[in-house]
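Reviewing the structure listed below.
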Amino acid sequence: MTKFDSDKARPEIFRTNNLSILPDTRGTYVIGQFEAYSDLQYQDIKPQSVQIPDYIRTFYEFEITFEAIALNVAQMTGMIDKVLQNEEVDSLPALATITGRLKSGSFLYSINIRDNPNNKYQFSLDNSQVEIDAGFETRDKLAVIEVKNHIPENFMVRQLYYPYRIFNNLGTDKVVMPIYFTHSDGIYAFHIFKFMELNDYSSINKVSQLNFIVDAYLNISIEDVIAVANNTDIIKSDDIHAPFPQVDNFNRILDLLNRINEPIKSSDVTKIYEFDKRQSHYYISALIFLGFIKKISGTHTYDVTELGHKIQQIPNNNTRNLVIIKQILRDECFNIVFKKYMKDSQIDKKWVAKLLLDRVTAVDESTAGRRAGSVISWINWIISVTTE
């Protein structure tokens with residue numbers, strides 16, 4: 001009843017009053033207007049390719065849908081050692097250590113009050129229960145990892161901060177690395193954080209992100225993408241019969257498509273990603289815009305199209321991504337913005353917003369900026385799956 005992994009998973013009365021709940025002992029909790037969550041800020045960056053050892057046979061016939069298995073893959077392919085910058089990997093590879101439920105021990109920390117960063121609440125923690133998804137250790141580093149098989153918009157900082165403090169209290173003199181690990185659409189992403197002040201919960205800062213893909217290379221040539229842009233039959237945005245996209249995280253769109261095994265409702269998307277209703281509608285609309293799902297006539301449910309099934313059946317690779325890129329660049333506005341980017345090597349958000357205002361009937365002054373941000377994010381995804 002007190003486990004709310006994202007801010008939108010909180011009960012309505014908490015959301016309405018900007019409240020969060022944090023444990024201070026094994027059986028007691030404090031409710032207040034704490035800044036308990038942090039945005040994940042997922043980046044579409046080019047993934048490094050790694051390989052499963054050739055003597056492993058169990059991963060080629062099954063989808064990796066469990067967080068523990070994703071962690072196993074991350075370790076056996078060397079991702080963990082790369083993330084920890086382990087220069088002794090050949091002789092001393094990173095080893096899995098502490099996982100599961102632990103007692104926090106006793107320590108003090110401060111946390112920001114929402115909308116009043118100069119006012120902090122002082123916590124005194126005494127043997128609260130802490131759950132660690134994974135811990136890895138090298139000669140000079142300790143990594144504490146929180147794992148998710150989807151890409152949340154934000155996360156409960158406690159999931160990293162409490163284990164971080166436990167590991168620091170061990171007095172090992174090793175660097176403790178708090179890491180948020182996501183597995184979605186075949187991309188293994190490590191979000192590496194740092195707490196700038198040991199005793200300050202709110203001092204969390206993202207310092208880097210590393211993406212990996214297993215047994216594949218995302219290296220479509222930029223010339224091939226330009227050819228798609230030039231040779232695809234262009235459709236005006238108003239003729240696609242779907243709202244113009246307002247979704248920034250393209251990987252999450254593809255992750256959602258891969259999760260649709262039967263007709264779904266908007267409420268199903270809300271449960272999967274802990275979205276609000278409006279966001280769920282945006283993601284469904286984005287998949288309709290791409291031609292991957294359609295609304296079942298006379299219902300409030302949506303099902304995968306023939307093209308969507310084709311995408312689902314192909315793993316994350318160059319062949320699949322060229323099909324997806326074609327669906328993006330068939331839209332007039334996306335096509336114009338991509339070509340502008342190829343010419344100028346940058347995209348001006350205000351210029352994109354004006355383009356949308358001029359060419360898309362449903363876009364107005366209040367939504368142009370947000371939709372321009374989505375266009376730029378989708379173009380960045382295209383670039384992330386091409387050669388440099």
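Remember, predicted model here, so these are calculated numbers, not experimental data. By convention here, the first residue in the shown sequence is residue 1.
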(message) A side-chain contact here means heavy atoms from C-beta on lying under 4.5 Å apart; do Leu71 and Gln75 qualify?
(response) no
(request) Output yes when a side-chain donor or acceptor of Asn317 lies under 3.5 Å from a complementary backbone atom of Thr319, and no otherwise. (result) yes
(request) Indicate yes or no: does Asp185 engage Arg320 in a salt bridge with an N to O separation below 4.0 Å. (result) yes
(request) Please answer whether the main-chain N or O of Val207 pairs with a side-chain N or O of Lys194 as donor and acceptor at a distance below 3.5 Å. (result) no
(message) If I take atom NZ from residue Lys46 and atom OH from residue Tyr217, how far apart are they, to the nearest 0.5 angstrom?
(response) 11.0 Å
(request) With Tyr109 as reference, evaluate Tyr162, Tyr201, Tyr121 under the side-chain hydrogen bond (donor to acceptor under 3.5 Å, both in side chains) test and give the passing residue. (result) Tyr162
Show which side-chain atoms of residues 286-296 pair as donor or acceptor with protein atoms under 3.5 Å away, not counting sequence neighbours.
none

(request) Would you name the heavy atoms of Phe275 and Thr270 that are closest together and state the gap between them? (result) O-CG2, 3.0 Å
(message) Under 4.0 Å between a side-chain nitrogen and a carboxylate oxygen: does that hold for Lys8 and Glu274?
(response) no
(message) Using only atom types and a distance under 3.5 Å, with no angle test, would you say the side chain of Trp351 pairs donor to acceptor with the backbone of Val337?
(response) no
(message) Quick check: is Ile45 connected to Ile192 through a chain of hydrophobic side chains (ILVMFWY, heavy atoms under 4.5 Å apart)?
(response) no
(request) For the pair Asp44 (side chain) and Asn251 (backbone), establish whether a donor and an acceptor sit closer than 3.5 Å, ignoring hydrogens and angles. (result) no
(message) Please check this pair: side chain of Ser202 against backbone of Asn112, looking for a donor-acceptor N/O pair closer than 3.5 Å.
(response) yes
(request) State, yes or no, whether a side-chain contact exists between Phe250 and Ser384 at a heavy-atom distance under 4.5 Å. (result) no
(message) How long is the straight-line distance from CD1 of Ile347 back to CE of Met342, given to the nearest 0.5 Å?
(response) 8.0 Å
(request) Could you tell me whether the side chain of Tyr42 reaches within less than 4.5 Å of the side chain of Asp248, counting heavy atoms only? (result) no
(message) Looking only at side-chain N and O atoms, does Thr182 offer a donor or acceptor that is under 3.5 Å from a partner on Ser184?
(response) no
(message) Is it the case that the side chains of Gln122 and Ser124 hold a donor-acceptor pair, with the cut-off being a distance below 3.5 Å and no angle test?
(response) no
(request) Identify the heavy atoms of Met156 and Leu22 that sit nearest to each other, and give their distance. (result) SD-CD2, 3.9 Å
(request) Kindly write out the residues that satisfy salt bridge (charged side-chain N to carboxylate O under 4.0 Å, His left out) with Lys354, not counting sequence neighbours, or none if the list is empty. (result) Asp358
(message) Could you check, using the six-membered ring where one of them is a Trp, whether Phe34 and Phe123 have ring centers closer than 6.0 angstrom?
(response) yes
(message) Within the 4.5 Å heavy-atom criterion, are Val360 and Asp238 side-chain neighbours or not?
(response) yes
(message) Could you tell me if the side chain of Val157 sits less than 4.5 Å from the side chain of Phe195, heavy atoms only?
(response) yes
(request) Indicate, with yes or no, if Leu257 and Leu307 share a hydrophobic cluster defined by side-chain heavy-atom contacts under 4.5 Å among Ile, Leu, Val, Met, Phe, Trp and Tyr. (result) yes
(message) If hydrophobic clusters are built from ILVMFWY residues whose side chains come within less than 4.5 Å, do Phe338 and Ile234 share one?
(response) no
(request) Check whether any side-chain heavy atom of Ser20 sits under 4.5 Å from a side-chain heavy atom of Phe14, and report yes or no. (result) no
(message) Is the shortest side-chain heavy-atom distance between Lys206 and Gln43 below 4.5 Å?
(response) yes
(request) With rounding to the nearest 0.5 Å, note down the distance linking CG in Leu198 to CG in Asn169. (result) 7.5 Å
(request) Indicate if Leu92 and Ile98 have the same hydrophobic cluster label, given that clusters are the connected sets of ILVMFWY residues with side-chain heavy-atom separations under 4.5 angstrom. (result) no
(message) Return the OG1 to CD distance between Thr386 and Glu223, rounded to the nearest 0.5 Å.
(response) 9.5 Å
(request) Check whether any side-chain heavy atom of Ile382 lies under 4.5 Å from a side-chain heavy atom of Leu329, and answer yes or no. (result) yes
(message) Tell me if a side-chain donor or acceptor on Asp215 pairs with a main-chain N or O of Ile52 at a distance below 3.5 Å.
(response) yes
(request) Show your working on ring-ring contact (aromatic ring centres under 6.0 Å, His included) between Phe193 and Tyr180 and close with a plain yes or no. (result) CA-CA 8 Å; Phe193 289 89; Tyr180 202 90; 7.2 Å; no
(request) Determine yes or no for a side-chain-to-main-chain donor-acceptor pair under 3.5 angstrom, with Glu153 supplying the side chain and Asp7 the backbone. (result) no
(request) Classify the side-chain pair His309/Glu306 by whether it contains a donor and acceptor separated by less than 3.5 Å. (result) no
(message) Quiz question: by atom type and distance under 3.5 Å, do the side chains of Thr25 and Asp126 form a donor-acceptor pair?
(response) no
(message) Measuring from atom CZ of Arg165 to atom CG of Leu125, what distance do you get when rounded to the nearest 0.5 angstrom?
(response) 9.0 Å
(message) Can you give me the closest heavy-atom contact between Lys82 and Val50, atom names plus distance?
(response) CE-CG1, 4.0 Å
(request) Output yes when Arg101 and Glu131 qualify as a salt bridge under the 4.0 Å nitrogen-oxygen rule, no when they do not. (result) yes
(request) Drop me the distance from Ser374's OG to Leu356's CG, to the nearest 0.5 angstrom. (result) 9.5 Å
(message) Check this for me, if you would: do Lys120 and Asp200 make a salt bridge, where the nitrogen-to-carboxylate-oxygen distance has to be below 4.0 angstrom?
(response) yes
(message) Any side-chain to backbone donor/acceptor pair from Thr16 onto Glu12? Under 3.5 Å, distance only.
(response) yes
(message) So that I know where these two stand, are Phe4 and Tyr37 an aromatic pair - ring centroids less than 6.0 Å apart?
(response) no
(request) Look at the side chain of Tyr341 and the backbone N and O of Ile383, then say whether any donor-acceptor pair between them is shorter than 3.5 Å. (result) no
(request) Kindly say whether Asp364 contributes a backbone atom to a donor-acceptor pair with the side chain of Thr367 at under 3.5 angstrom? (result) yes
(message) Assess the residue pair Asp140 and Thr138 against the criterion (side chain to side chain donor-acceptor pair (under 3.5 Å)); give the C-alpha distance rounded to whole Å, side-chain angles, the decisive distance to 0.1 Å, and a yes or no.
(response) CA-CA 5 Å; Asp140 61 347; Thr138 65; 3.1 Å; yes
